[in-house]
Peer 1: 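Here's a structure for you.
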Amino acid sequence: MSKGLPKRSEDYSLWYNELVKKADLAENSAVRGCMVIKPYGYSIWEKMQAELDRMFKETGHLNAYFPLFIPKSFLSKEASHVEGFAKECAVVTHYRLKNAEDGSGVIVDPEAKLDEELIVRPTSETVIWSTYKNWVQSYRDLPLLVNQWANVVRWEMRTRLFLRTTEFLWQEGHTAHATKKEAEAETLQMMNVYAQFAEDFMALPVVRGRKTETERFAGADDTLCIEALMQDGKALQAGTSHFLGQNFAKAFDVKFASKEGGLEYVWGTSWGVSTRLMGALIMAHSDDNGLVLPPKLAPIQVVIIPIYRKEEEFDAITEKANEIMAELRKAGVSVKYDNRDTHKPGFKFAEHELKGVPLRIAIGPRDLENGTIEIARRDTLTKEQFELVSQPISGKISSMLEEIQATIYSKALNFRSEMTTEVNSWDEFKSVLEEKTGFLSAHWDGTAETEEKIKDLTKATIRCIPLDRKEEEGVCVYSGKPSKGRVLFAKAY
RNA sequence: CGGGGUGUAGCGUAGCCCGGUAUCGCGCCACAUUUGGGAUGUGGAGGUCGUAGGUUCGAAUCCUGCCACCCCGACCA
């Protein structure tokens, strides 16, 4: 029962916003739509980055860095790309300020107008493909496998901490290949990397799928995605991987001399995940007591809290705590000793629960006497006495951390299974969407008109066409026209 | 950007209708007693009432502009 944290059942979005702030993850800044990611929140992001970066490198990618600014003319080179992003671009028009003549402060110097405006990147395809033109001449230069960790700006109307902010942090991979087949394989590979990261590290089950044509990335021929389900029954797109065809190669004239002696356009992909994953992580597992973090991404995996009256007791406990910490650290467990004497144990318990620390060890005089410690799990809120002599503490803690990781994953997976409903009629579609929410698995006739109509009527969108769906003859849940398989509908973030 | 709402100490609030210099709780500081689930007592500090104007002898209160945030739409990773 966290003090002051609203309950999920009463107001889910208020719960989310308060949790983000109370758990010290992020807060709104003085700049509209932009957040300050606080040290604790950033620590989690750093752990995500570290794992993803490792996975990217294992699949052959290297990091590079491209400019924050994109010349306006670049953006218009790929027609559907500019159409998709034009409405949300921040534009730099001047390069100098000067003192106002009336002494009221600084103003933009009208004489310092840029000849060509610069766009603050909403994504980097254009500036990167303009660079790739110079990097690629021959098939020997391919493939280009590059990733960038960066910030981007999209001028959104409504923002929410982590889920949608004007500026956000992300990674964007941009690759160029000699063949269509290879680029398609890359697109699929990176979607699978994201899915594996979500499932193994975030403990977040995701549906691997394909976007419909209307939901596709602006400038892509095909968009693969991972979709997750949040506790309020709404879907969240957690990552996308795009097959760009030759669209950007043609827009930026990136050609290569093939082995056969021809001159061909290269094939491209791009793929990204953002700080939005933080939102997914928070919403997927947390409860009314606060954050629940998967051990693999928790900045602190174990916190040790001393319980004492007298100085001598504290000293004895500290000695024991130091032994335990040394052993845990040797085993690669991150552990913090909360030896603040400014707060009582109960306060510390609540605080570390709020912040989602997976395991808590309490040591008091009673434990010293009995040779025990108390271990409490954040995910289940259960406690147990552990005898220090019976087995090595590091083995016990490591296996508990693994168990927590597995438990919260299967809990989320069960939730998603329960919240995925096969619907076969339009009435059923509407009532499930309104009363139960979650994913609706339904037949769709494959047309953009029907997709649009359903969105207008219900606010539900096609989240994806699952890659593992079975071929199944059926009729569209809305139009009654023939369908070859089910797609996933949901209301989404 | 359209509709609705809210801005008062670090946080949450009362006061606003009916104008007279701001209430309470949490938190903060000091001391004492406390410490196995958010301690208690005593004393204390902290406020340009979002912001800029206007009306008035006098504005948190009335009027206007602006800004920010929240909810609902449109947009979206």
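It should be emphasised that the depicted structure is a prediction, and the values quoted were computed from it without experimental measurement. Quick note: numbers below take in every heavy atom, side chains included, and nothing from hydrogens, waters or symmetry partners. Note on naming: letters A, B, ... go to the chains in the order of the sequence lines (proteins, then strands), and numbering restarts at 1 for each one.
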Peer 1: Under 3.5 Å for both donor-acceptor distances, Watson-Crick or wobble: does rC28(B) have a partner, and if so which one?
Peer 2: rG44(B)
Peer 1: Just how far, in rounded Å, is C1' of rA77(B) from CD of Gln171(A)?
Peer 2: 11 Å
Peer 1: So which nucleotide does rU21(B) pair with, by the Watson-Crick or G-U wobble rule with both distances under 3.5 Å?
Peer 2: none
Peer 1: Assess Lys355(A) against Tyr40(A): is NZ or CZ under 6.0 Å from the centre of the six-membered ring, and within 45 degrees of the ring's axis?
Peer 2: yes
Peer 1: Distance criterion of 3.5 Å, no angle test: do you see the side chain of Glu351(A) paired donor-to-acceptor with the base of rG38(B)?
Peer 2: no
Peer 1: Distance check needed: rC71(B) P versus Asp232(A) CG, whole Å only.
Peer 2: 13 Å
Peer 1: If you measure from the Lys or Arg side-chain nitrogens to the Asp or Glu carboxylate oxygens, is any gap between Arg54(A) and Glu51(A) under 4.0 Å?
Peer 2: yes
Peer 1: Does a salt bridge link Asp232(A) with Lys234(A), judged by any charged N lying under 4.0 Å from a carboxylate O?
Peer 2: no
Peer 1: Give a yes/no verdict on base stacking between rG37(B) and Phe347(A): centres under 5.5 Å, planes within less than 30° of parallel.
Peer 2: no
Peer 1: Closest nucleotide of RNA chain B for Arg164(A) versus for Asn17(A): which of these residues is on the 5' side?
Peer 2: Asn17(A)
Peer 1: In this structure, how many angstroms lie between the P atom of rA77(B) and the CD1 atom of Ile226(A), rounded?
Peer 2: 14 Å
Peer 1: Using a 4.0 Å heavy-atom cut-off across all strands, classify Thr165(A) as base, sugar-phosphate, or nothing.
Peer 2: base
Peer 1: Less than 4.0 angstrom between a side-chain N/O of Arg309(A) and OP1 or OP2 of rU35(B), yes or no?
Peer 2: yes
Peer 1: For rU55(B) and rU64(B), measure between their C1' atoms and round to the nearest Å.
Peer 2: 11 Å
Peer 1: Using only heavy-atom distances, decide whether a donor-acceptor pair under 3.5 angstrom links the side-chain of Lys459(A) to the base of rG73(B).
Peer 2: no
Peer 1: Test the Arg360(A)-Phe349(A) pair against the cation-pi criterion, namely NZ or CZ under 6.0 angstrom from the six-membered ring centroid and within 45° of the ring axis.
Peer 2: yes
Peer 1: Can a side-chain donor-acceptor contact be found between His174(A) and Ser270(A) if the only test is distance below 3.5 angstrom?
Peer 2: no
Peer 1: Partner of rG73(B) by Watson-Crick or G-U wobble geometry, both contacts under 3.5 Å, or none?
Peer 2: rC1(B)
Peer 1: Closest nucleotide of RNA chain B for Leu381(A) versus for Thr275(A): which of these residues is on the 5' side?
Peer 2: Leu381(A)
Peer 1: In Watson-Crick or G-U wobble terms, both distances under 3.5 Å, what is the partner of rU64(B)?
Peer 2: rA52(B)
Peer 1: Taking any strand in view, what nucleotide pairs with rG36(B) in a Watson-Crick or G-U wobble way, both distances under 3.5 Å?
Peer 2: none
Peer 1: Using a cut-off of strictly less than 4.0 Å, decide whether Ser13(A) has a side-chain nitrogen or oxygen near OP1 or OP2 of rC70(B).
Peer 2: no
Peer 1: Could one point to a donor on the side chain of Arg360(A) or the base of rG37(B) with an acceptor on the other under 3.5 Å away?
Peer 2: yes
Peer 1: Please work out if Pro365(A) contacts a base, only the sugar-phosphate, or nothing of the nucleic acid, heavy-atom cut-off 4.0 Å.
Peer 2: base
Peer 1: Roughly how many Å is it from CD in Gln148(A) to P in rA77(B), rounded to a whole number?
Peer 2: 18 Å
